[in-house]
Amino acid sequence: MSAVTIEKPTLREGAFGHATGLVCRECGHRVELGPHYACIECFGPLEVAYDFPAVTRAQIEAGPSNIWRYKALLPVPSDIESSPNMEPGFTRLLEARNLAAELGLDKLWVKDDSTNPTNSFKDRVVACALSAAVELKAKVFACPSTGNLANAVAAAGARAGLKTVVFIPSNLETPKQVNSAVFTDSLVAVEGNYDDVNKLASEIAGEEEGWAFVNVNVRPFYAEGSKTLGYEIAEQLGWRLPDQVVIPVASGSQLTKVHKAFRELVDLGLVEDKPVKIYGAQAAGCSPVSTAYKGGVDAIRPVKPDTIAKSLAIGNPADGIYVLDICRETGGAVEDVTDAEVRAGIVSLARTEGIFTETAGGTTVAVLRKLVETGQLDTSLETVVINTGHGLKTLDAVAGSVRPAATIAPSYAAFAATGIA
Amino acid sequence: MSVSVRIPTILRTYTGGASEVPASGTTLAEVLDDLEAHHAGIRARILDDNGALRRFVNVYVGNEDVRFLEDLATPTPDGVQVSVIPAVAGG
């Protein structure tokens, strides 16, 4: 049987903005813009190449309060705002004074992506993938997912009027399943872990015509959406780069794109160049990148995940080696924490800053704490941590460890007896 | 042992467009040798210059990634399906 992923359509002028082609990150082999994601020479990941126009801070600031303010730097058409999309981004960058004091940091911010339309950073990448799928005239919008991506794809597909099919591991947290099933009638629960789901999606992408798997065959465009996290951090700091950033690592794509965003802003003259240390955060139950970092090796050995941080439970992270390279080159590190530390991280962020993060964010906060305690992170430098999603999606992770301090009769005497006052 | 090999889109130029081809061998290494004998050039796309699996390709025997088994020495029992799939990031 022969099949193609998406029929080669006639692209309209400027369908991918200022993108000029796709380039293999491994060997530099170049191909034309289209639904291609793996290099035919070496299987390396393809990335979007651009011929950027001159862009000014003023032009960006005059744009909408969402990721399309950076549309000149993304593989999207100039009229992107006219297409139905979820308009994610420009989420809050909160100065976290209380958490900074608790951890002993001088300056700390939380980039809070839990306030995106479906409450995770995945709305950013999906917005770019949706644009690509529409321009490529895809009939089905799809993904394999650990949950957040499924939510984002299902919602964005609904808004765009596209058929969506999303694949998740069958043991996923119930709130994440409901948050997808409410937007699509084609949520498919697969008996296996994320890596099994990912394999299945890759096989389907090779057989079914007209399917745009956001993180498979339109992945180069999808991944570019994560750059907007980096752009926003710099813009919200007053057009300057932070000293160090702590980022959760699943496949590693987000971390590599935040790094790419910072480099692009420097190259475009939008911010001054400076060293930025980049740190990766993993859960101990799925820490192939952290293990390689600590072992001083370049190869990532896949693992079978076993952690409550399911959105980070990718045992075979495709961008893991790039995470290693970036963290080492920038003077950062990759660290991992136990599930108990993940829970403590969730509660810590909630009780210091009023931000309820999911397990991935709990992992990131816990890793930040560990980096401080082990002296791997300079507490005098300006630090940003990224919160990728909302805690209501992973309620079960902390449901057993937080509860009412007391259950009392409705009387002052009963309250007084609790000792809370 | 006779096995079936699933071919990713980017390698189908070597198999005349076929998404699945038969091959034989008792280990993955032998299966790749047999694949090469019938579809010249395909092995060098899957293995690097040192003869190891390329970093961005995942090979499965049955449903298991061979990196969890014995890599190229992984046994390929009769009738098993071998899948060659590009690594993709993100979830």
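Letters A, B, ... are given to chains in the order of the sequence lines, protein chains preceding strands, and every chain is numbered from 1.
- Under the side chain to side chain contact (heavy atoms under 4.5 Å, CB included) test applied with Leu47(B), the options Val59(B), Val57(B), Leu72(B), Ile42(B) reduce to a single match, Leu72(B).
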Just do the side chain to side chain donor-acceptor pair (under 3.5 Å) check on Asn119(A) and Glu358(A) with the steps written out, would you?
CA-CA 10 Å; Asn119(A) 306 109; Glu358(A) 64 167 350; over 6 Å; no
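- The pair Glu207(A)-Arg12(B) counts as a salt bridge, with a side-chain nitrogen and a carboxylate oxygen less than 4.0 angstrom apart.
- Legend: ring pair (Phe, Tyr, Trp, His ring centres under 6.0 Å) pairs involving residues 2-25 of chain B, not counting sequence neighbours: none detected.
- In this structure, chain A has a heavy atom under 4.5 Å from the side chain of Ser83(B), while its backbone stays farther away.
- Atom CG of Asn63(B) has 12 or fewer heavy atoms from other residues, nucleotides or ligands within 6.0 Å.
- For Arg54(B), the part sitting under 4.5 Å from any heavy atom of chain A is the side chain, from C-beta outward, and nothing else.
- Both the backbone and the side chain of Cys42(A) have a heavy atom closer than 4.5 Å to some heavy atom of chain B.
- Within a 6.0 Å sphere centred on CG of Asp49(B), heavy atoms belonging to other residues, nucleotides or ligands number 12 at most.
- Partner of Asn148(A) under the side chain to side chain donor-acceptor pair (under 3.5 Å) criterion, out of Lys393(A), Lys310(A), Lys122(A): Lys393(A) alone.
- At a 4.5 Å heavy-atom cutoff, Val21(B) makes no contact with chain A through either its backbone or its side chain.
- Proximity to chain A involves both the backbone and the side chain of Pro86(B), based on heavy atoms less than 4.5 angstrom apart.
- Using a 4.5 Å cut-off between heavy atoms, Phe167(A) does not touch chain B at all.
- The side-chain tip of Arg219(A) does not point at the ring of Phe213(A) from less than 6.0 angstrom away and within 45° of straight on.
- Contacts between Glu41(A) and chain B at a heavy-atom distance below 4.5 Å involve backbone atoms as well as side-chain atoms.
- Contact of Asp48(B) with chain A is not made at all, since no heavy-atom distance falls under 4.5 Å.
- In terms of heavy-atom pairs under 4.5 Å with chain B, the best-connected choice from Val303(A), Ile168(A), Leu200(A) is Val303(A).
- Heavy atoms closer than 4.5 Å to chain B are found in both the backbone and the side chain of Ala38(A).
- Residue Ile7(B) does not touch chain A at all, counting heavy-atom pairs closer than 4.5 Å.
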